Amino acid sequence: MTEAPLIVPSSVGPGSSGSRGEDELLAGLNPQQLAAVTYRGPALLIVAGAGSGKTSVLTRRIASLLRGREAWPSQILAITFTNKAAGEMRERVEQLVGEASRGMWISTFHSACVRILRREAEQFGFTKSFTIYDSGDSRALIKRLVKEHEADAYGLTPASVQSRISKLKNELQDSDSYARDANMSDPAEQKFVEIFADYQRQLRKANAFDFDDLIGQTVYLFRAFPKVADTYRRRFRHILVDEYQDTNHAQYALIHELTRPVSADDPSTGSGSGFEASNGMMIFEPETTPELEGASLTVVGDSDQSIYAFRGADIRNISEFERDFPGAKVVLLEQNYRSTQNILSAANAVIGNNFDRKDKKLWSDKGDGDKIVGFTGYSQHDEAQFVADEVEALRRAGMPYSEMAVFYRTNSQSRALEEIFIRSAVPYKIMGGTKFYERAEIKDALAYLIAVANPADEMSVRRILNKPRRGIGGVTEASIAQFAETHGITFRDALSVPAELGVGPKIQAAIGHLDAVLKEATALMLPASGEVPPPTVVADGLSLLLAKSGYLDALRASRDPQDEARVENLDEFVAVARDFARNNPEGTIADFLTEVALVSDADDLDDESGSVSMMTMHTAKGLEYDAVFVTGVEEDLIPHRISAGEPGGPQEERRLFYVGITRARKRLHLSLAMTRAQFGEVSVAMPSRFLQEIPAALVDWRQSPGDVNSRGGTQSRALNARRGGFGSGGRGDDRFGVKKLPPRDSLKPLATAMDRFPNKVTGKVRDNGDLELAAGDRIRHDDFGEGRVDAVTGEGAKRIAHVRFDSAGLKKLLIKIAPIEKL
DNA sequence: AGTCGTAGCCTTTTT
DNA sequence: GGCTACGACT
C-alpha cells in the first residue's frame, strides 16, 4: 500500500502541458469547465447546475491528473452516489486513459467504507466476514427488540425507532452521547436509549453493520486509530466527491478525516488515547508540523438538487464549503448541454421560488425546442393511458423506448401505469419497487449464505431454521437459544449438538440435517487450508444449500402457483452468482454478499435497450432521457402531503420536481389526474402549486386542469372542451401538433364533467383466453369503443392487436387481457 | 405445527 | 386495494 509518491510538480494551466493528450482532454470545454478540470489546489468546489457536463468535467479532471503524472491511480478516491454512477465514471476514465486507470477507487461511500472495514475489522472486534444489514434486516432486529423491551406501551414503533436511530447515526451519535442530552426522566426516552444500546450490542454480537454503521464506524475507526487513518491519508492524495449536496454529517466527517494532514508524530503514541474514546466522538487536534499535507479535495454538487435531507443530507455541507476549507476555489457551471430552452425556462421558473438559494440561471444554446405538453386525466388510469399513447406516438416518430422515462413521486403510483402499459403492450422496466433482493425466497437464500459466511449472525440462522418446514417452531427455537445462552456458545453452534437441546427425536434429526448441510457448504466455500477455491464456488455452494436443505424440493412440491415463480427467481439468483464468478474470479462469498447488499435501484438500470424506464423522481437523479413524463403533478403528491409539516419540506419537494423536469433533453410531459384512488378510496386531486410556477406560454395543455384549478379560468376550460378523442388530430399522424377544436361554450354541471374525458379508462383487465383475431376484424373495447384490427403480431400470451379505433385512434392491445370482444 | 380468515395498516423519497 | 400480523381452528 506504500506506493512511492512519485508526484511530478504540476505546472498545469491551459496549454502549459506539452502532451497532445492533454489538449485532447481539454478540447471543447467552456472556460468554466476548463478551470474545473485544470485548477490545482487543496480544495475545489464545482457548482454544477443540472446538465452542465459535470460528469465529463469530473472524469477529465481525473484523467488529467493521471496523464500529467500528478497522481498514481491508487492515489485517487472518487465517491459517487450510486454504484451505477461509479461504474460509468470508471468506464469513462478508462476510455480517456486506458489501463492507466487501474487501481483507482471509484465507488460509493458505502462500498468504499466496506472495503476499508473489511481490511481493518479485526482492529475493533469484528471479523472480515461481517455481514451488512439492509434496512429490512435492521427493521426485523429492531422489531424484536421493541417487543422484548415492551416499548410499544410508550408509543415506540419499530419504524419510528429505526428512523430515529438512523438519523442519530448520521449525526455520528451513539446511545451514550444521545442519553447525555436527552430528557431521561421521560420513560419513553429511557426505553429508546435502552433499545438503541441493545441494538448496537446485537449488531456487534452478530458481527454485522447496518447501512449507517458502514460510514459511522469507519469514522470511528479513523478517530480511534489514527495510525490506521494515516495509512489511508497517505494513500489517497486526491479525493473527489460527486453529489456533494446530498452528503450527511457522517459522510462529511469521513471526508474531513481523510483530508486531514498526516502528522509527523511518532505513530506509536497516538492510538492509545484514541482507544479510550469508546463513543467515537473524539477529535484529534492536528499535530504541529505535518509530515504530509492533506489530500486535495474536489467536490461537485448543486444545492438545487439536494433531495435527501430526509435521510440526513445536510445542505450546509455544500453551502459552507468555503468556510470549511479556507482558500477553496469555486467554479460555477451554468451552461446546460442537455435540455432545450423551454424546458430550462420552466425549470428556472420553478426553482426560482425557493428562497435562500444562490441565484443561478441555467441557459442553453439548443434553441427553444418543443413546448412542454400538459395533460389532465380523469383518473390515474386515464393519465396512464395518455402516457402510453404518447410513448407510442414518439416511438412511431422514431424515438427508441429506451430514451423515454416515466417519473412519479411515490412507488405506489407505478401500479396504474404498469396496468395500462401491460394492456397497451408497451415494453417497460420498473426501477426499484418490489426489489428482487427483497423477495422472501431470495432473502432465504441469502440467509443460507450468511449462515455459512458469518455464523455469528444469529438472525440469518433463525430465519432458515424452519425454511423449508422442518417442524421447528417457536418452542424449539427458544430452547436452542436457551441452550446457547447457558453454555456460552453461539446459536449456530448449538445446532451441532441436537441431542442435548431437550427436544424430540424427530426434531433432533431435522436440526442434525440442517447442521450437516451447513457444514458441507462451509467446507466447500471456505476451505480450511490455504487452497484456492474455483471462481464458481459461491454459485456451487448456493446450489448445494438450496438443493440439500430441501428448499427447492419443497417449492416444487407445492401446489401454490406462486412457488413456481419463486423457483425461477432462485434460478435467476444462482445465475447472478455465476455472473459474479465470471466478473470476479477471485471473489469470495463475503464479496458476493457485499455486492448484493449494496445494489440500489439506480444500479440495475442496464437497459435491454428498448423499454421505457419507470422510476421515482429520487431514483431519476443523475439520469437523462430524450422524453420525460412527470406524472401525478398534484397537491399532496408533489409536494407530498407529509412534507408540508416538515421544516424545509416544501422547498425540498420543489427541488425534487426540478430534478424531475431537468432530466428531459427534448420533450417534457407533465400530467395529473382529477381523481386519484388511494387505499381503495377515490378522492379529488388538485393540481400541484408547482404547475402554476411554470409560465403558461411554455405549456401546451392537451387537456387542462380546468375548473378544478382556481387559476385555470376560461382559457383552460376552453381547452378542456374538445371532444372526439385527444392526442390524435388525424389518422396517420397523431403526433404533437394537435389542432385545438373550437371551444364549447357554457359550463356543464359537475355530473357530466366526465363528458370532457372522452377516453376515460379504467384499470380492468379480462382473460380472453385464446381469442383469435386477424387483420380486418371489428372489435369493441370497453373504454375505446369500436375499431378495426390492422394487424396482429407476437405469439401465444404475448399476441398484440394493432387496432384503429373509430374515435380513439391507433392503439396496441395485448389480446389476452384487453377488455375487448370480437364483433 | 400449520392453515386459513380477517382486522388494521398503509404510502414519501433510499444508500 | 393489498399486504401483514395475529388469532382461531384443524
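Because the structure is predicted, anything quoted here is derived from the model rather than measured. Any value given below was found using the heavy atoms of this structure, including those in side chains, with hydrogens, waters and symmetry copies removed. By convention in this document, chain letters (A, B, ...) are assigned in the order of the sequence lines, proteins followed by strands, and residues within each chain are numbered from 1.
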Problem set entry | C1' atoms of dT13(B) and dT4(C), separation to the nearest Å | 22 Å

For this session: Could you check how far CG of Leu623(A) sits from C1' of dT14(B), rounded to whole Å?
Result: 14 Å

Exercise. Using centres under 5.5 Å plus planes under 30 degrees as the test, is Phe310(A) stacked with dT13(B)?
Worked result: yes

For this session: Taking only the side-chain heavy atoms of Thr616(A) (C-beta and beyond), determine which of dT14(B), dT15(B), dC6(C) contains the nearest atom.
Result: dT14(B)

For this session: Could you tell me whether the phosphate oxygens of dT15(B), OP1 or OP2, come under 4.0 Å of any side-chain nitrogen or oxygen in Asn248(A)?
Result: no

Seminar exercise, completed: The nucleotide from dT15(B), dA1(B), dT11(B) with an atom nearest the side chain of Ser135(A) is dT15(B)

For this session: Please figure out whether Arg470(A) or Thr108(A) has its closest DNA chain B nucleotide nearer the 5' end.
Result: Arg470(A)

For this session: May I ask you to verify if any side-chain N or O of Asn411(A) is less than 4.0 angstrom from the OP1 or OP2 atom of dT13(B)?
Result: yes

Problem set entry | Glu419(A) with Arg423(A): basic N within carboxylate O range, under 4.0 Å | no

Problem set entry | Phosphate-side-chain proximity, Lys143(A) and dA5(C), N/O vs OP1/OP2 below 4.0 Å | yes

Problem set entry | Which nucleotide in dT15(B), dA1(B), dT12(B) has an atom nearest any side-chain atom of Arg311(A) | dT15(B)

Exercise. Is the closest basic N to carboxylate O distance between Arg409(A) and Glu653(A) below 4.0 Å?
Worked result: yes

For this session: Using whole Å, report how far OH of Tyr308(A) lies from C1' of dT15(B).
Result: 8 Å

For this session: Show the numbers, then the answer: is there a side chain to side chain donor-acceptor pair (under 3.5 Å) between Asp210(A) and Tyr199(A)?
Result: CA-CA 10 Å; Asp210(A) 67 16; Tyr199(A) 172 67; 2.7 Å; yes

For this session: Grab the CD1-C1' distance between Ile642(A) and dC10(B) for me, whole Å please.
Result: 10 Å

Exercise. To the nearest angstrom, how far is Ile307(A) atom CD1 from dT13(B) atom P?
Worked result: 13 Å

Problem set entry | His110(A) ring center near Phe81(A) ring center (under 6.0 Å) | no

Problem set entry | Phosphate OP1/OP2 of dG2(B): any Asn466(A) side-chain N/O under 4.0 Å | yes

Problem set entry | Any Thr619(A) side-chain nitrogen or oxygen under 4.0 Å from OP1 or OP2 of dT14(B) | yes

Exercise. Could you state the CD-P distance from Glu477(A) to dG2(B), rounded to the nearest angstrom?
Worked result: 12 Å

For this session: Test for a donor-acceptor pair under 3.5 Å between the base of dT12(B) and the side chain of His640(A), counting only N and O atoms.
Result: no

For this session: Round to the nearest Å and state the distance from Leu117(A) atom CG to dT15(B) atom P.
Result: 19 Å

For this session: Answer yes if the ring centres of Phe222(A) and Tyr220(A) are under 6.0 angstrom apart, and no otherwise.
Result: no

Exercise. Roughly, in whole Å, what's the span from CE in Met431(A) to C1' in dT14(B)?
Worked result: 16 Å

For this session: Could you tell me whether Glu652(A) and Arg655(A) have a side-chain N and a carboxylate O separated by less than 4.0 Å?
Result: yes

For this session: Please report, rounded to the nearest Å, how far the C1' atom of dT12(B) is from the OH atom of Tyr408(A).
Result: 13 Å

Exercise. Is Arg641(A) touching bases, backbone alone, or none of the nucleic acid, heavy atoms closer than 4.0 Å?
Worked result: nothing

For this session: Specify the residue among Gly471(A) and Arg409(A) whose closest nucleotide of DNA chain B lies further upstream toward the 5′ end.
Result: Gly471(A)

Problem set entry | Residue-phosphate contact under 4.0 Å: Arg469(A) side-chain N/O, dT3(B) OP1/OP2 | yes

Exercise. Do any side-chain nitrogens or oxygens of His618(A) fall under 4.0 Å of OP1 or OP2 in dT13(B)?
Worked result: no

Exercise. Choosing from dT12(B), dC6(C), dG2(B), which nucleotide comes nearest the side chain of Lys147(A)?
Worked result: dC6(C)

For this session: From the options dA1(B), dT11(B), dT13(B), select the nucleotide whose nearest atom is closest to the side chain of Ser412(A).
Result: dT11(B)

